[in-house]
**Student:** 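The structure that follows is given in the form of structure tokens.
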Amino acid sequence: MPGVDASNGAPAILDKDGLGQLIAALRTKGYRVVGPRSADGAIVYDDIDDIEDLPAGLGDETEGGRYRLRKRTDDVLFGYTLGAQGWKRFLYPPRQRLFAARRQGAGFQVEAEEGEEAPMAFLGPRACELAAVALQARVFGDKTFPDPGYQARLAAAFVVAVECGAAASTCFCASMGTGPEVTSGHDIRLLEIKGQRFLAEAGSDRGREILTGLSLSAPTAADLKMVAAARKAARAGQGRVLDRDTAAALQSMPDHPRWDDVAARCLSCGNCTMVCPTCFCTTVEDVTDLSGDHAERWRKWDSCFSVEFSYIHGGAVRTEAKSRYRQWITHKLSTWADQFGSSGCVGCGRCITWCPVGIDITAEVAAIAATRKGTQG
Amino acid sequence: MTMTAHSLAEDRDPMLPRLFRVEKVRRDLSDTFTMELLAEDGWEFVFRPGQFNMLYVFGVGEIPISISGDPADRSCLVHTTRAVGQVSQALNALKAGDSIGVRGPFGTAWPVESAYGRDLVFVAGGVGLAPLRPAIYHAMSNRDRYGRVMVLYGARTPEDILYKKEVERWRGRFDMDVLVTVDRATGKWSGNVGVVTNLVMKGGFDPQQATAFICGPEVMMRYGAQAMEKRGVGRDHIWLSMERNMKCGCGLCGHCQWGPHFVCKDGPVFRYDRVADLFSVSEL
């Protein structure tokens, strides 16, 4: 195969075989490769062995409260927009044991979690998903109290981003400034341009090193034209926009009547928080065995939509659904900036898709924005 | 003023407890007790007044409890707890010799040093005296550095007065004023009856020169801060200590959010002017 030298970082074309080589090379280097698969009627990110595991010819349709896989007319490998959940579950697992403890006389001993985890290679993160990883890295990278597990997993992870060549109706990354083009957080970025052919570019030294070992060819003018068209389509095809000014101002509107309106629809199920790639809240669970001599402490994803979330002696602080929805969206869009310097929303639209009643974060902000214009003249 | 918590150790997982041994347990009230703890590995616990620890009971759970001992006394770690929930009741069942897990200290502190040269007014409600006691100890050990020192304390009944003997000793001192009020007089009580805000209105300090540290139930702090303000104390000289659900104590679990603040690391001690607006929002 006529090869091109990827070591200078120039964009190159990677075909289906080349992608197979990439997966094999990552596995040879000891990475646990995680990528998109079709399972349970959805695209899910899971372990993949080879290119055959990828969801060839499958696309997704999303709308408020609706998600469907559909067969595409072509055989592209990354023809869907997003997996049902992002990469959070790999970097910050839904259940993590914090420690085990063993009774010893009147006291007990604490055993820290040990053991090696294989480094992960993520195949397929979109721009909004990498933006979410970067946001969580800030949360878990606090100077005083960082989360060592998150830091270690992220530092070890190899990222093969796959840029979007189309957008879903629930997408609004363009209005959040997080996509659709992948600009950081990747070792390699790919853009599938047709017939399982990719434009490949390295984003780091280790990305360059891996790419150099693959069969690459030089992009033609027609290839580059398709790349430009795909990027344009991914931006133009976004079905939603978030009013960022109003979103940022939500913390100054705790008494807005819209909270009552949304509370009448919200089921407080917490789906939005489970699929949100930036939601980071957790609770802890203590368990003991039957002898009572062995205890474990687990950290589990939690949702601010539960009443217990805010419990202090005497009762919960946020007893009403209205307060809980307000907390979620206000934190995500407004107070997140006070805490971490930016919005906590990346515009992936999962909270819209997976809300059983189709509550739309962009529509709620728009409804509030409409009343602001009314009052502010 | 930014205050960062004293970290356990740079390379230590903040979610991993350090083991302490219960040295002494004292029953303060029917439902309130004070424990003295010593690190099993001899580690010397250093904290600033107003900070808290996460206390872990084997197999039961973990709760945030403020430190109530003297910050200058490194010989032991002191916690006063009211047994109201599952974990605090399990804490209450611990005896001398038992082990306990400790993570901390976490959170911001009462700014005892920036109040040097000023009158210091402590306003406490109920068990809210416990998180203030380290600051009161600091004020007594550095008595010359302050103007007047007052402790205004409200309890439900005379039987609910925390650290009663100690409060009586403080009251006998000539260099501090201690006023106590109860919601409901019982027995031979001949003192003040009514809310602690009434004591604030009585004065005895120079509002222009006073710094107030307030700790108690949220509603009491709200009215206490308003009373201080009414007396002429600047909002930027009023400090209070908040309480919220906490699972980690170090800004990772998200539970303690109060508006833009994480109560665990931006608080628990807040300057009133920075949070006054949040007090008026229900279920925030």
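Below, chains carry the letters A, B, ... as their sequence lines are ordered, and counting in each starts from 1.
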**Student:** Between His256(A) and Trp259(A), what is the ring plane arrangement, given parallel below 30°, perpendicular above 60°, and tilted in between?
**Tutor:** perpendicular
**Student:** Between chain B and each of Asp142(A), Thr319(A), Asp289(A), count heavy-atom pairs under 4.5 Å; write down the option with the most.
**Tutor:**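 With the most close heavy-atom pairs to chain B, the winner is Thr319(A).
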**Student:** Pick one of side chain, backbone, both or neither for Arg297(A), based on which atoms fall under 4.5 Å of a heavy atom in chain B.
**Tutor:**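 For Arg297(A), side-chain heavy atoms alone lie under 4.5 Å from chain B.
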**Student:** Answer with side chain, backbone, both or neither: which region of Ser282(B) has an atom nearer than 4.5 Å to a non-hydrogen atom of chain A?
**Tutor:**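 For Ser282(B), the backbone is the part near chain A, not the side chain.
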**Student:** If you count heavy-atom pairs under 4.5 Å with chain A, which of Asp266(B), Leu252(B), Val84(B) comes out on top?
**Tutor:** Leu252(B)
**Student:** Go through the atoms of Thr282(A) and report whether side chain, backbone, both or neither lie under 4.5 Å from a heavy atom of chain B.
**Tutor:**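 For Thr282(A), backbone and side chain are both near chain B.
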**Student:** Less than 4.5 Å to any heavy atom of chain A: does that hold for the side chain of Leu19(B), its backbone, both, or neither?
**Tutor:**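 Just the side chain, heavy atoms under 4.5 Å.
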**Student:** Is it the backbone or the side chain of Arg326(A) that comes under 4.5 Å from a heavy atom of chain B, or both, or neither?
**Tutor:** side chain
**Student:** Assess whether a salt bridge exists between Asp260(A) and Arg258(A), defined as any Lys/Arg side-chain N lying under 4.0 Å from an Asp/Glu carboxylate O.
**Tutor:** no
**Student:** Ring-plane angle category for Phe45(B) and Trp43(B), please: parallel below 30°, perpendicular beyond 60°, tilted otherwise.
**Tutor:** perpendicular
**Student:** Using the six-membered ring of Phe262(B), assess whether NZ or CZ of Lys265(B) lies under 6.0 Å from its centre and within 45 degrees of the ring axis.
**Tutor:**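 Cation-pi check for Lys265(B) and Phe262(B): passes.
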**Student:** At a 4.5 Å cut-off on heavy atoms, which part of Gln104(A) comes close to chain B: side chain, backbone, both, or neither?
**Tutor:** neither
**Student:** Consider side-chain hydrogen bond (donor to acceptor under 3.5 Å, both in side chains). Of Gln257(B), Glu218(B), His255(B), which one does Arg244(B) pass it with?
**Tutor:** Glu218(B)
**Student:** Check the pair Glu283(B), Arg318(A) against salt bridge (Lys or Arg N to Asp or Glu O under 4.0 Å), reporting the backbone distance first and the verdict last.
**Tutor:** CA-CA 5 Å; Glu283(B) 300 210 343; Arg318(A) 298 182 202 108; over 6 Å; no
**Student:** Between Thr283(A) and chain B, with a heavy-atom cut-off of 4.5 Å, which part of the residue counts as in contact: side chain, backbone, both or neither?
**Tutor:**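 For Thr283(A), the contact with chain B is made by backbone and side chain together.
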**Student:** Taking the basic N atoms (NZ, or NE/NH1/NH2) and the acidic carboxylate oxygens, is any pair closer than 4.0 Å for Glu285(A) and Arg299(A)?
**Tutor:**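 Answer for the salt bridge query: no.
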**Student:** Evaluate Ser343(A) against Arg244(A) for side-chain hydrogen bond (donor to acceptor under 3.5 Å, both in side chains), listing each step before the verdict.
**Tutor:** CA-CA 9 Å; Ser343(A) 169; Arg244(A) 285 168 74 177; over 6 Å; no
**Student:** To the nearest 0.5 Å, what is the distance between CD (Gln136(A)) and OG1 (Thr278(A))?
**Tutor:** 6.5 Å
**Student:** From Cys279(A) SG over to Leu135(A) CG, what is the distance, rounded to the nearest 0.5 angstrom?
**Tutor:**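 With rounding to 0.5 Å, SG (Cys279(A)) is 11.5 Å from CG (Leu135(A)).
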**Student:** When only pairs under 4.5 Å are counted, which of Glu308(A), Gln327(A), Glu320(A) shares the most heavy-atom pairs with chain B?
**Tutor:**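 Most heavy-atom pairs within the cutoff with chain B belong to Glu320(A).
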**Student:** What option among Gly85(B), Gly259(B), Gly251(B) has the most heavy-atom pairs under 4.5 Å with chain A?
**Tutor:**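 Ranked by contacts with chain A, first place is Gly259(B).
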**Student:** Is chain A contacted by the side chain of Val60(B), its backbone, both, or neither, given a heavy-atom distance below 4.5 Å?
**Tutor:** backbone
**Student:** Answer with side chain, backbone, both or neither: which region of His294(A) has an atom nearer than 4.5 Å to a non-hydrogen atom of chain B?
**Tutor:** backbone
**Student:** Among Val317(A), Val110(A), Ile312(A), which residue forms the greatest number of heavy-atom pairs with chain B at distances under 4.5 Å?
**Tutor:** Val317(A)
**Student:** Quick check on Ile63(B) against chain A: is it the side chain, the backbone, both or neither that has a heavy atom closer than 4.5 Å?
**Tutor:**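 Contact with chain A: none, neither part.
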